[in-house]
Amino acid sequence: MQIKTELERLIRQACENSGIDAGEIRVAEATKAEFGDYQFNGAMPLAKKLGQNPRQIATRIVEALPENEILERVEIAGPGFVNLHLSPGWIARQVEACAFDPRLGVGTRSEPRRVVVDYSSPNMAKEMHVGHLRSTIIGDALANLLGFLGDEVIRQNHIGDWGTQFGMLIAYLEELGEGAEGSLQDLEEFYKAAKKRFDEDEAFAHKAREYVVKLQGGDVRCLHLWQDFIDKSLGHCEEVYSKLHVRLTREDVRAESSYNDDLPAIVADLEAKGLLQTSEGAKVVFVPGEETPLIIQKSDGGYLYATTDLAAIRFRVSQLGAKRISYVVDARQAGHFRQVFAVARMAGYAPEDVRLEHVSFGMMLDKNGRPFKTREGGTVKLIELLEEATRRARKAITQKEAYGPEELEKIAEIVGIGAVKYADLSINRESNYIFDWDRMLSLEGNTSLYQQYAYARIRSIFRKHGSEAEPAPVILEEEPERRLGLKLLQLEEVLQAAAQDAMPHYITSYLYDLATLFMKFYERCPILRSDVPEERRRSRLVLAHATAATLRLALEILGIKVLERL
RNA sequence: GCGUCCGUGGCUCAGCUGGAUAGAGCAUCUGAUUGCGGUUCAGAAGGUCGCAGGUUCGAAUCCUGCCGGACGUACCA
């Protein structure tokens, strides 16, 4: 149930009833408590359009509002703002209806769409580093979210497993022979060592180049070595995914190389459609409004990632039936995707009813606003970053209570990983973000720990109470109760907006509001104290239960776990 | 040079499909609470929303110019 949608329906009906041609009706959350819960600001522009007094328009609309149980009071203020006050009784009944529903009242799409979310996409030649963190976290959250709302989500891990560097790597792998297993433990070192050999030894370099040709020619032995290498490298990624509690599996891998056979066909097809031109020896497509063309085939005959991306779009639309394809890739590639999408449209690979979107995100910076690097200036390995998160979380929580070593480890991991993910998801993905351990592991402010703490605190109420909440009439007499109840009902509209805009931070903002409102409610409205009347206690237990359930559900969608005790 | 994005209290961020006195958190200061987990709650202080114009009844939000920053600018991915 989306309150906003319900209210918009009412206003639209009122406009129809009073013969006002209103066009699109938009209701917004009120900017201040004194202005009610929601507000309709459309009377002013409407007045201008109709050449009438805005207050009169507002009055006509308000008087024509159909009978309903949602609104308790409507008032017109200022030049023509329509302030909507919701009925506490209505809110209470909605909370009762949602609180014990596994989906908390959130509906699912009546006609599911097929959606492809392309994220993580590590390069197999190297170890995953912080550059892959945001894509992996944001992409996974988005995939979870769309799936929860009823889309058929297809996760695609478009791993980089093809290209000239693999000739070098498998040549080195072969050279090491049996002992190679150990060397692959650290891909970064392996890559460096191979590169060193390549640069220093001409014979090796020659062999590496030969291997590229053989590999592309389908040489069985080379393919075998290559496959072996990819398997190992993918194993590293999976270790990271598992640590990150990210749902990507081997099933989701659709490697770059899997499109190899399609590439000549793409070129031929673009040619046949008259889109391809030759420019400076390369085969390109010029996109109207773009200065430089999209290069489809290099002058030496090689293909580029644009070609692969086009093949991928074609595959995803025609074979997977995608109606929305979301690329969770950093902002630097905006230009690339703009062009690839344009060409995909021109070539008909993605008809107009398929939504192509670049879910772009900014860079990860250190505390001083510089690109995130190790102290020595190298790239930070993701696995090490995650280990540090757990280590720091352990340190942050040990001072509190005594845990068994196993429990401590489990808690530290959930808290540490949660902090890293939440910190990333809680800011507008478009901007660069500053990675600061101290802030993300703080218990105060908009952090995962604050949410996890709120959750654990509620769970502790039920432990103390001795049983779980049971359905009961909800009473919203006090302001903190009413505000909490209303916030609980806003879950669906927040999730929908976050899904529509691919903006996970809408959800974290909501959670922060919710947790804060709960703390205030808890402060003002005792639950278990002996002087609380039974029916109030039962009502408040329902509110507490619904809050915990909302926190857990939304955090789960974001890929963050909660704990019964902290 | 051209293009894209970004400039909001000391710091980190919301708000940007134009709406009422620009919101949080951290840090700072004050108070409540002998605590149903006070790591909470209440309050104070702190802002020419980069600058200058423009559009509008109304601009942080839209338009133009400028300043500052990041990124991108054809055969890497």
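Naming: A, B, ... by sequence-line order, numbering from 1 per chain. Both backbone and side-chain heavy atoms feed into the values below; hydrogens, waters and symmetry mates do not.
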Visitor: Using the salt bridge (Lys or Arg N to Asp or Glu O under 4.0 Å) rule, collect all pairs that involve residues 535-549 of chain A, keeping only residues at least two apart or in two chains.
Guide: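 Residue pairs passing salt bridge (Lys or Arg N to Asp or Glu O under 4.0 Å), neighbours aside: A:Glu477-A:Arg536, A:Glu478-A:Arg540, A:Glu481-A:Arg536, A:Glu481-A:Arg540, A:Glu534-A:Arg537.
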
Visitor: By ring pair (Phe, Tyr, Trp, His ring centres under 6.0 Å), which residues pair with A:Tyr191, not counting sequence neighbours?
Guide: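 Ring pair (Phe, Tyr, Trp, His ring centres under 6.0 Å) check on A:Tyr191 returns nothing, list empty.
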
Visitor: Mind checking A:Asn83 for me? I need base, sugar-phosphate or nothing, with any heavy atom below 4.0 Å counting as a touch.
Guide: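 Touches a base.
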
Visitor: Whether A:Arg338 and A:Glu290 form a salt bridge (side-chain N of Lys/Arg under 4.0 Å from carboxylate O of Asp/Glu) is what I want to check.
Guide: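 Yes, charged N to carboxylate O under 4.0 Å.
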
Visitor: Would you classify A:Thr164 as touching base, sugar-phosphate or nothing, given that sugar-phosphate means primed atoms plus P, OP1 and OP2, and contacts are heavy atoms under 4.0 Å?
Guide: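 Result for A:Thr164 = nothing.
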
Visitor: Check every atom of B:U40, B:C13, B:A20 against the side chain of A:Tyr433 and return the nucleotide holding the closest atom.
Guide: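 Nucleotide nearest to A:Tyr433's side chain: B:C13.
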
Visitor: Under 4.0 Å between any heavy atoms, over every strand shown, what does A:Glu256 touch: base, sugar-phosphate, or nothing? Just pick one.
Guide: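 Sugar-phosphate, no base atom in range.
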
Visitor: Between A:Glu479 and A:Lys520, does at least one N-O distance fall below 4.0 Å, as a salt bridge requires?
Guide: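 No, A:Glu479 and A:Lys520 are not salt-bridged.
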
Visitor: Taking ring pair (Phe, Tyr, Trp, His ring centres under 6.0 Å) as the test, write out the residues that go with A:Phe435, two or more places apart.
Guide: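 For A:Phe435 the ring pair (Phe, Tyr, Trp, His ring centres under 6.0 Å) partners, ignoring immediate neighbours, are A:Phe372, A:Trp437.
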
Visitor: Going by the rule ring pair (Phe, Tyr, Trp, His ring centres under 6.0 Å), which residues pair with A:Tyr119 if we only count those two or more places apart in sequence or in a different chain?
Guide: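 With sequence neighbours excluded, A:Tyr119 shows a ring pair (Phe, Tyr, Trp, His ring centres under 6.0 Å) to no residue whatsoever.
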
Visitor: Using a cut-off of under 3.5 Å, enumerate the N/O to N/O pairs linking the protein to nucleotides 2-10 of chain B.
Guide:
from	atom 1	to	atom 2	distance (Å)
B:C2	O2'	A:Glu291	OE2	2.9

Visitor: Could you tell me whether A:Met519 contacts a base, only the sugar-phosphate backbone, or nothing, with contacts defined as non-hydrogen atoms closer than 4.0 Å?
Guide: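 Here A:Met519 touches the backbone only, sparing every base.
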
Visitor: Can you name the residues that form a ring pair (Phe, Tyr, Trp, His ring centres under 6.0 Å) with A:His505, not counting sequence neighbours?
Guide: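 For A:His505 there are no ring pair (Phe, Tyr, Trp, His ring centres under 6.0 Å) partners, ignoring immediate neighbours.
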
Visitor: What's touching nucleotides 22-31 of chain B from the protein side, N or O pairs under 3.5 Å?
Guide:
from	atom 1	to	atom 2	distance (Å)
B:G23	OP1	A:Lys32	NZ	3.1
B:C26	OP1	A:Glu444	OE1	3.2

Visitor: Check nucleotides 16-18 of chain B for protein N or O atoms closer than 3.5 Å to its own N or O atoms and list the pairs.
Guide:
from	atom 1	to	atom 2	distance (Å)
B:U17	O2	A:Arg26	NH1	2.8
B:U17	N3	A:Arg26	NE	3.1
B:U17	N3	A:Arg26	NH1	3.1
B:U17	N3	A:Arg26	NH2	2.2
B:U17	O4	A:Arg26	NH2	2.5

Visitor: Can you tell me how far P in B:U55 sits from the matching atom in B:C63, rounded to whole Å?
Guide: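 Looking at atom P only, B:U55 and B:C63 are 16 Å apart.
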
Visitor: Give, ordered by number, those residues of residues 495-505 of chain A having at least one heavy-atom distance below 4.0 Å to an atom of RNA chain B; if nothing qualifies, reply none.
Guide: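 Contacts with RNA chain B under 4.0 Å: A:His505.
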
Visitor: Counting heavy atoms from C-beta on, name the nucleotide in B:C36, B:A77, B:G19 closest to the side chain of A:Tyr522.
Guide: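 Shortest atom-to-atom distance from the side chain points to B:C36.
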
Visitor: Side chain of A:Glu523 only, heavy atoms from C-beta on: which candidate in B:A70, B:C36, B:U40 is closest?
Guide: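 Nucleotide nearest to A:Glu523's side chain: B:U40.
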
Visitor: Quick test of your reading of the model: are A:Arg429 and A:Asp424 salt-bridged, counting only N-O distances below 4.0 Å?
Guide: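 Salt bridge: no.
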
Visitor: Once you apply a heavy-atom cut-off of 4.0 Å, does A:Tyr450 come out as touching a base, just sugar-phosphate, or nothing?
Guide: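 Since only primed, P, OP1 and OP2 atoms lie under 4.0 Å of A:Tyr450, the category is sugar-phosphate.
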
Visitor: With the threshold set at under 4.0 Å for non-hydrogen atoms, list the residues of residues 452-467 of chain A touching RNA chain B in residue-number order.
Guide: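 Within residues 452-467 of chain A, the residues near RNA chain B are A:Tyr453, A:Ala456, A:Arg457, A:Ser460, A:Arg463, A:Lys464.
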
Visitor: Hey, can you pull the residues of residues 120-138 of chain A with a non-hydrogen atom under 4.0 angstrom from RNA chain B?
Guide: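 Result for residues 120-138 of chain A: none.
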
Visitor: For the C1' atoms, the ones on B:G47 and on B:G53, what distance do you get once it is rounded to whole angstrom?
Guide: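 To the nearest whole Å, 22 Å.
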
Visitor: How far does the P atom of B:U30 sit from the matching atom of B:A20, given to the nearest Å?
Guide: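 Their P atoms lie roughly 35 Å apart.
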
Visitor: Tell me which nucleotide among B:G72, B:U21, B:A20 gets nearest to the side chain of A:Ala77.
Guide: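 Out of B:G72, B:U21, B:A20, the nucleotide with an atom closest to A:Ala77's side chain is B:A20.
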
Visitor: In this structure, how many angstroms lie between the P atom of B:C76 and the CG atom of A:Asp330, rounded?
Guide: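 From A:Asp330 CG to B:C76 P: 19 Å.
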
Visitor: Give the stems involving RNA chain B, where a stem is 3 or more consecutive Watson-Crick or G-U wobble pairs (i with j, i+1 with j-1, and so on) under 3.5 Å.
Guide: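 For RNA chain B the paired stretches long enough to count as stems (3 pairs minimum) are B:1-7 with B:67-73, B:10-13 with B:23-26, B:28-32 with B:40-44, B:50-54 with B:62-66.
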
Visitor: Ion pair present between A:Asp37 and A:Arg73, side-chain N to carboxylate O less than 4.0 angstrom?
Guide: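 Looking at A:Asp37 and A:Arg73, the cut-off is not met.
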
